[in-house]
Structures are given as structure tokens and as C-alpha cells.
Peer 1: 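The structure is given below, and queries will be raised subsequently.
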Amino acid sequence: ANNSSIQSSSNRLGNAGYILLQGETADISLSDSTLATSINANGNGVGGNLEILARSLSLSDNAQIDAGTFGVGDAGDIFVTSEGSVSLSGEDTRIFSDVASETAQGSGGTISIEARSLSLSGGAALETSTLGDGDAGDTFIEVRDRVSLNSQSQIRSNGEASGDAGDISVVAGRLELDDAAIEASSVSGNGGNIGVDVRSISRLRNGSRIATNAGTIGDSGDGGNIILDTQFLVGSENSDITANSFEGLGGFIQINSQGV
């Protein structure tokens, strides 16, 4: 689909609707298109879930899948299930669930992706975030083969106000980060936890990072924890794994590997 939009929202009292895009034997491609559910500023209810079942899923050229809340109520969850690949390309191409305003009263939804492979390129992102008091949602990724991120692409959870960042879980056969990041950080809330379970090699290069940081100067918040299980871990070219806090407690980092 090109330059298309499917949206479900709640503007008053009531829940937003559920969106299902079903095509288990089809390759679904979205370019400059939007799938979205939301609780709008005057809405009071629960955000609708958004589910995609496909043989493969491709997002490009500013395509976005969004479950958000601007009003009173939690954002919906996003589920993507694919027998093949899930790919996102382009700086403004995103799958995200968010607390989208400072006045929103609710928490962000979760993002769950199951596929053979997952690739993010050109600044694309999987993101949960909060601009309010509610916490950002969690992200769950389970991929049989490779998770690949490059060119400033990110899997991230951001707490931009007092809410905590969400947790991130990645299970894959192989992990490759090239000028890319997996990050769960907050401004004044707590950083999220990051769990990475990779059966073979995890490679970080060209300034890549796995990070869960919390707080800024004058704002407290504890850093989350990072647990990385991988057969081999290779890091080069100023790549980092960090769990810091400006004024709270830093998180712990645990790496279980046969070779680093």
C-alpha cells in the first residue's frame, strides 16, 4: 500500500477499535502509509490493539504503525507475526506505541514481533515512549535468524518526563549492530531493563551501543539492568554497553559468553 491510511480512535468516552491486517500467505508492503489507533486528547478509554499477520512485512518511506494515547487511558498494543522477514527502512519509518502528550493519563502499549528475521536500516525505529507520567511500554522481539540494525536505526524505549522507560527483550540467532542502538533510557524516571539472548554471535561496530541510562543533572532515576547471553560478543570502533544514572543508582551489566 502506498500513501494510505487506516486509523481507529476514541474522541470521547469509549475505547478505540481493534485493527487486524491479516495475510499469512501474503507479502505486505507499506510505503508512506499509516496504521494507527489512538485515544485522542478528549478521549477516555482504552487504546485499540493493532495486529499484523503476514508472510513478510516491509515498511519504507515514512510508513508508520502507531498505537498512542493523548487522553485518559492506556495506549494499545502492537503485534506483528511473520513467517518470513520484517524490515523497516528510512529515517521516519517507525513502529511505535507512545504516551503522546504531557497531559495524557495512561501508559504506553507493548510492541511484540515474531519473525524469521528483523532488519532496520536508514534510521528506522521500533519505539515505545512516554511524554507524561505513565510508563513507556515494553518491547518483545523473537526472531529465529538475524536481527540487523544499521545507519542510526534503533530499538528504543524513552521516558521523556517522569514516566519510566519500558523493558526491551531480544531473542535471536544472531545480532548485528552497525552505527545503531538498543536503548531504554529516561529523563527523570527509571531506565528500562534490556535482555538479549543470542544463540551465536553478537556484533557491535561503528559506535553502536546497548544502553539503559537514567536521569539528567538535577533529575534522579535509576539505570536499568542489561543481561546479554550470547555465544560470542564482538565489539569494535567505539561501541559501548552502558547502564548509568546521573543522580540515582546505576544498573548492573551481566554478560554470559564463551568469548568476548
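In this text, all values refer to a predicted model and were calculated from it rather than measured experimentally. Note that these values count all heavy atoms, side chains included, but never hydrogens, waters or copies made by symmetry. Here, residue 1 is the first one in the sequence, and each next residue gets the next number.
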Peer 1: Examine I255 and I227 and state if one hydrophobic cluster contains both, with Ile, Leu, Val, Met, Phe, Trp and Tyr joined whenever side-chain heavy atoms are less than 4.5 Å apart.
Peer 2: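 The answer is no; the residues belong to distinct hydrophobic clusters.
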Peer 1: To the nearest 0.5 Å, tell me how far L177 CG sits from I155 CD1.
Peer 2: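 Going from the CG atom of L177 to the CD1 atom of I155 covers 7.5 Å.
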Peer 1: If we ignore hydrogens and angles and just use 3.5 Å, is the side chain of T212 paired with the main-chain N or O of G192 as donor and acceptor?
Peer 2: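 Looks like yes, one N/O pair under 3.5 Å.
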Peer 1: Within this structure, what is the OG-CG distance for the pair S185 and N244, rounded to the nearest 0.5 Å?
Peer 2: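 That separation rounds to 9.0 Å.
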Peer 1: Taking S129 for the side chain and D98 for the main chain, is one N or O donor matched with an acceptor at less than 3.5 Å?
Peer 2: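 The answer is no, because no donor-acceptor pair under 3.5 Å joins these two groups.
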Peer 1: Below 4.5 Å, heavy atoms only, C-beta onward: do S89 and S121 meet side chain to side chain?
Peer 2: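 Result yes, sub-4.5 Å side-chain heavy-atom pair found.
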Peer 1: Which residue pairs pass the salt bridge (Lys or Arg N to Asp or Glu O under 4.0 Å) test with at least one member in residues 186-209, sequence neighbours excluded?
Peer 2: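 Qualifying pairs, neighbours excluded: D178-R205, E183-R209, R205-E237.
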Peer 1: Quick one, Y18 and E51 - any side-chain contact, counting heavy atoms below 4.5 Å?
Peer 2: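 They are in contact (side-chain heavy atoms under 4.5 Å apart), so the answer is yes.
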Peer 1: Over all heavy atoms of both residues, which pair between S97 and G76 is shortest? Give the atoms and the distance, please.
Peer 2: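 Heavy-atom minimum between the residues: OG-O, 3.2 Å.
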Peer 1: Under the rule for side chain to side chain donor-acceptor pair (under 3.5 Å), what residues qualify as partners of T128, not counting sequence neighbours?
Peer 2: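 T128 satisfies side chain to side chain donor-acceptor pair (under 3.5 Å) with S157 only.
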Peer 1: Does the side chain of T110 come under 3.5 Å of the side chain of D138 through a donor N or O and an acceptor N or O?
Peer 2: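 Per modelled atom types, T110 and D138 side chains form no pair under 3.5 Å.
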Peer 1: Under a plain distance cut-off of 3.5 Å, with no hydrogens placed, do Q152 and Q154 share a side-chain donor-acceptor pair?
Peer 2: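 Distance-only check fails for Q154 and Q152.
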Peer 1: How close do S33 and N2 get, heavy atom to heavy atom, and via which atoms?
Peer 2: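 Closest approach of S33 to N2, heavy atoms only: OG-C, 3.5 Å.
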Peer 1: Linking Ile, Leu, Val, Met, Phe, Trp and Tyr by side-chain heavy atoms under 4.5 Å, what else ends up with L131?
Peer 2: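 Besides L131, the cluster holds no residue at all.
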Peer 1: Indicate the atoms forming the closest heavy-atom contact of A115 with G84, along with that distance.
Peer 2: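 Looks like CB-O, 3.5 Å.
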Peer 1: Strictly below 4.0 Å, N to O, side chains only: are R55 and E83 in salt-bridge contact?
Peer 2: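 Salt bridge between R55 and E83, a charged N being under 4.0 Å from a carboxylate O: no.
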Peer 1: Ignoring hydrogens and angles, tell me if any N or O in the side chain of S208 forms a donor-acceptor pair with the backbone of D179 under 3.5 Å.
Peer 2: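 Judged by distance alone, yes, a pair lies under 3.5 Å.
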Peer 1: Side-chain contact, heavy-atom cut-off 4.5 Å: S202 with L228?
Peer 2: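 Result yes, sub-4.5 Å side-chain heavy-atom pair found.
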Peer 1: Taking atom CZ of R174 and atom OG of S117, what is their separation to the nearest 0.5 Å?
Peer 2: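 Answer for the CZ-OG pair, R174 versus S117, is 13.0 Å.
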Peer 1: Looking at CD1 of I141 and CD1 of I182, how far apart are the two atoms once the value is rounded to the nearest 0.5 Å?
Peer 2: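 Here the rounded value is 7.0 Å.
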Peer 1: Give me the atom names and distance for the closest heavy-atom approach of S153 to G122.
Peer 2: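 In terms of heavy atoms, the two residues are closest at OG-N, 3.6 Å.
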Peer 1: For I210 and I226, work out which heavy atoms get closest and say how close.
Peer 2: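 What the structure gives for the nearest pair is O-CD1, 3.7 Å.
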Peer 1: Side-chain contact test, heavy atoms from C-beta onward, threshold under 4.5 Å: evaluate it for Q254 versus F252 and give yes or no.
Peer 2: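 Yes - at least one pair of side-chain heavy atoms lies under 4.5 Å apart.
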Peer 1: Could you pull out all donor-acceptor pairs under 3.5 Å where a side-chain atom in residues 163-172 meets a protein atom, sequence neighbours excluded?
Peer 2:
unit_1: D164; atom_1: OD1; unit_2: N190; atom_2: N; d: 2.7
unit_1: D167; atom_1: OD1; unit_2: N193; atom_2: N; d: 2.8

Peer 1: To the nearest 0.5 Å, how far apart are CD1 in I113 and CZ in F140?
Peer 2: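 One finds 12.5 Å between CD1 of I113 and CZ of F140.
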Peer 1: Give a yes or no answer on whether the side chain of S257 reaches the backbone of Q231 with a donor-acceptor pair at less than 3.5 Å.
Peer 2: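 Answer holds: yes.
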Peer 1: Take a 6.0 Å sphere around CD of Q7 and say whether it holds more than 12 heavy atoms from other residues, nucleotides or ligands.
Peer 2: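 Yes, CD of Q7 has more than 12 neighbouring heavy atoms, counting only those of other groups under 6.0 Å.
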Peer 1: Are the side chains of S82 and R116 in contact, using a 4.5 Å heavy-atom criterion?
Peer 2: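 No. Closest side-chain heavy atoms not under 4.5 Å.
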Peer 1: Does one hydrophobic cluster hold both I28 and I6, with members joined at side-chain heavy-atom distances below 4.5 Å?
Peer 2: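 Yes.
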Peer 1: Could you measure the distance from the OG atom of S8 to the CG atom of L35? Nearest 0.5 Å is fine.
Peer 2: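 The distance works out to 11.5 Å.
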Peer 1: Would you check if the side chain of T230 reaches a backbone N or O of S200 as a donor-acceptor pair within less than 3.5 Å?
Peer 2: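 Present.
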Peer 1: Take atom CG in N42; do more than 12 heavy atoms of anything else shown fall under 6.0 Å from it?
Peer 2: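 No, CG of N42 has 12 or fewer neighbouring heavy atoms, counting only those of other groups under 6.0 Å.
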Peer 1: Would you mind telling me which of L120, I111, T139 makes a side-chain contact (heavy atoms from CB on, under 4.5 Å) with I95?
Peer 2: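 Of all the options given, the one that passes is I111.
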Peer 1: Which donor-acceptor pairs under 3.5 Å do side chains of residues 56-66 form with protein atoms, sequence neighbours excluded?
Peer 2:
unit_1: S56; atom_1: OG; unit_2: D27; atom_2: OD1; d: 2.7
unit_1: D61; atom_1: OD2; unit_2: S31; atom_2: OG; d: 3.3
unit_1: Q64; atom_1: NE2; unit_2: D92; atom_2: O; d: 3.2

Peer 1: How far apart are the closest heavy atoms of G134 and S107, and which atoms are they?
Peer 2: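 Answer, listing the atom of G134 first, then S107: CA-OG, 4.2 Å.
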Peer 1: Going hydrophobic residue to hydrophobic residue with side-chain gaps under 4.5 angstrom, can you get from I78 over to F70?
Peer 2: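 No, I78 and F70 fall in different hydrophobic clusters.
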Peer 1: Is L88 reachable from L21 through a run of I, L, V, M, F, W or Y residues, each pair having side-chain heavy atoms under 4.5 Å apart?
Peer 2: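 In one cluster: yes.
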Peer 1: State which residues pass side chain to side chain donor-acceptor pair (under 3.5 Å) with S112; sequence neighbours excluded, sorted by chain then number.
Peer 2: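 Per chain and number, S112 pairs via side chain to side chain donor-acceptor pair (under 3.5 Å) with no residue.
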Peer 1: Tell me whether V187 shares a hydrophobic cluster with V99, the cluster being built from Ile, Leu, Val, Met, Phe, Trp, Tyr side chains joined at under 4.5 Å.
Peer 2: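 No, V187 and V99 fall in different hydrophobic clusters.
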